[in-house]
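Beneath this line is the structure, given in structure tokens, with notes to follow.
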Number of protein chains: 2
Amino acid sequence: METQQPVKSYDLSAAEERLTQMMKALGHPARMQIVRYLSANPQCITGDIVDVLPLAQATVSQHLKVLRDAGLICGTVEGTATCYCLDIDAVAWFREQVSSLFGG
Amino acid sequence: METQQPVKSYDLSAAEERLTQMMKALGHPARMQIVRYLSANPQCITGDIVDVLPLAQATVSQHLKVLRDAGLICGTVEGTATCYCLDIDAVAWFREQVSSLFGG
DNA sequence: CCCCTTTATCGTAAAAATACGATGATAAAC
DNA sequence: GTTTATCATCGTATTTTTACGATAAAGGGG
């Protein structure tokens, strides 16, 4: 008995799928600005990010979740606040993948 | 008289906006597969790409347009077909940007 | 000229992403 | 215990993306 494949498979490796998810996460101006801000301001709080973005708090929180799900950032609860920072390992992995992408 | 700014500006530089558009273009499995295929098979035709993707021809053509608009690929008409290839300058630029991204 | 091949575009239906106010949840301050 | 501060999640409206069939456009082949 063969294992059933999904009807529409894009035939990407696990690494490629993860890379695609990261690309998608970074493919929105708000999230690009968030990672740029986190790069310049390591260890900052949700409210700080809300202050620099022209978006409501709920929307920023949603964008942060997308970046978290992509593994690009991690947030640790600090009392009543949440401290966010770039996941340096994930960022390093992302850069490596891009370097080797397109036959690099 | 001040120049009117858009109501919601994400305060990204032109380069960052271009980078974001490229990320978005690569943030879909079909398009990631297309660039991977083009990387392995330079100079191929639309039909070749249609053959390797689980999508209709119209949909693939649409995805190709997204990659063209992002500047990642370029297509030249060859008789009744269109020959696609990666834009190596754009790809190089993309890699450089990612290398220096996140304080690289 | 009439087909055939190849591809882009159009129109549109369905799905996903985006944005916001309202609400809840948790911890600190008083 | 009450209040305040901070943040995530819920519900939902709007917009965008995705996908497909149908159609048009354009270059050979007969």
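The two atoms that bring B/Tyr37 and B/Cys44 nearest to each other are CE2-SG, 3.6 Å, heavy atoms only. Nearest approach of B/Leu72 to B/Val91, heavy atoms of both residues: O-CG2, 4.4 Å. Across B/Arg18 and B/Ala70, no two heavy atoms sit closer than the pair NH1-O, 4.0 Å. Considering every non-hydrogen atom in both A/Gln33 and A/Leu53, the closest pair reads OE1-CD2, 3.3 Å.
Two residues, A/Val66 and A/Val77, neighbour DNA chain C, and the one matched to the more 5' nucleotide by heavy-atom proximity is A/Val66.
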Write out a two-atom table: protein N or O, nucleotide N or O from nucleotides 6-15 of chain D, distance below 3.5 Å.
unit_1 : atom_1 : unit_2  : atom_2 : d
D/dT6  : O4'    : A/Thr80 : OG1    : 3.1
D/dT6  : O2     : A/Thr80 : OG1    : 3.4
D/dC7  : OP1    : A/Thr46 : N      : 3.0
D/dC7  : OP2    : A/Gly47 : N      : 2.9
D/dC7  : O3'    : A/Thr82 : OG1    : 3.3
D/dA8  : OP1    : A/Tyr84 : OH     : 2.4
D/dA8  : OP2    : A/Ser61 : OG     : 2.7
D/dA8  : O5'    : A/Ser61 : OG     : 3.4
D/dA8  : N7     : A/Gln57 : NE2    : 2.8
D/dA8  : N6     : A/Gln57 : OE1    : 3.2

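Applying the side chain to side chain donor-acceptor pair (under 3.5 Å) test to B/His63 and every residue at least two apart in sequence or in another chain returns B/Arg31.
To the nearest 0.5 angstrom, B/Leu67 atom CG is 10.5 Å from B/His28 atom NE2. Taking CD1 from A/Ile73 and CG from A/Leu64, the interatomic distance works out to 5.0 Å, rounded to the nearest 0.5 Å.
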*Please lay out, stage by stage, how B/Arg36 and A/Asp11 fare under the test side-chain contact (heavy atoms from CB on, under 4.5 Å).*
CA-CA 11 Å; B/Arg36 189 190 58 179; A/Asp11 200 29; 4.2 Å; yes
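Of the side-chain N and O atoms in B/His63, one or more sit less than 4.0 angstrom from OP1 or OP2 of D/dA19.
We find that CG of A/Leu67 is positioned 14 Å from C1' of C/dT18, with the value rounded to whole Å.
Contacts between residues 11-41 of chain A and DNA chain C, defined by a heavy-atom separation below 4.0 Å, involve A/Lys24, A/His28, A/Arg31, listed by number.
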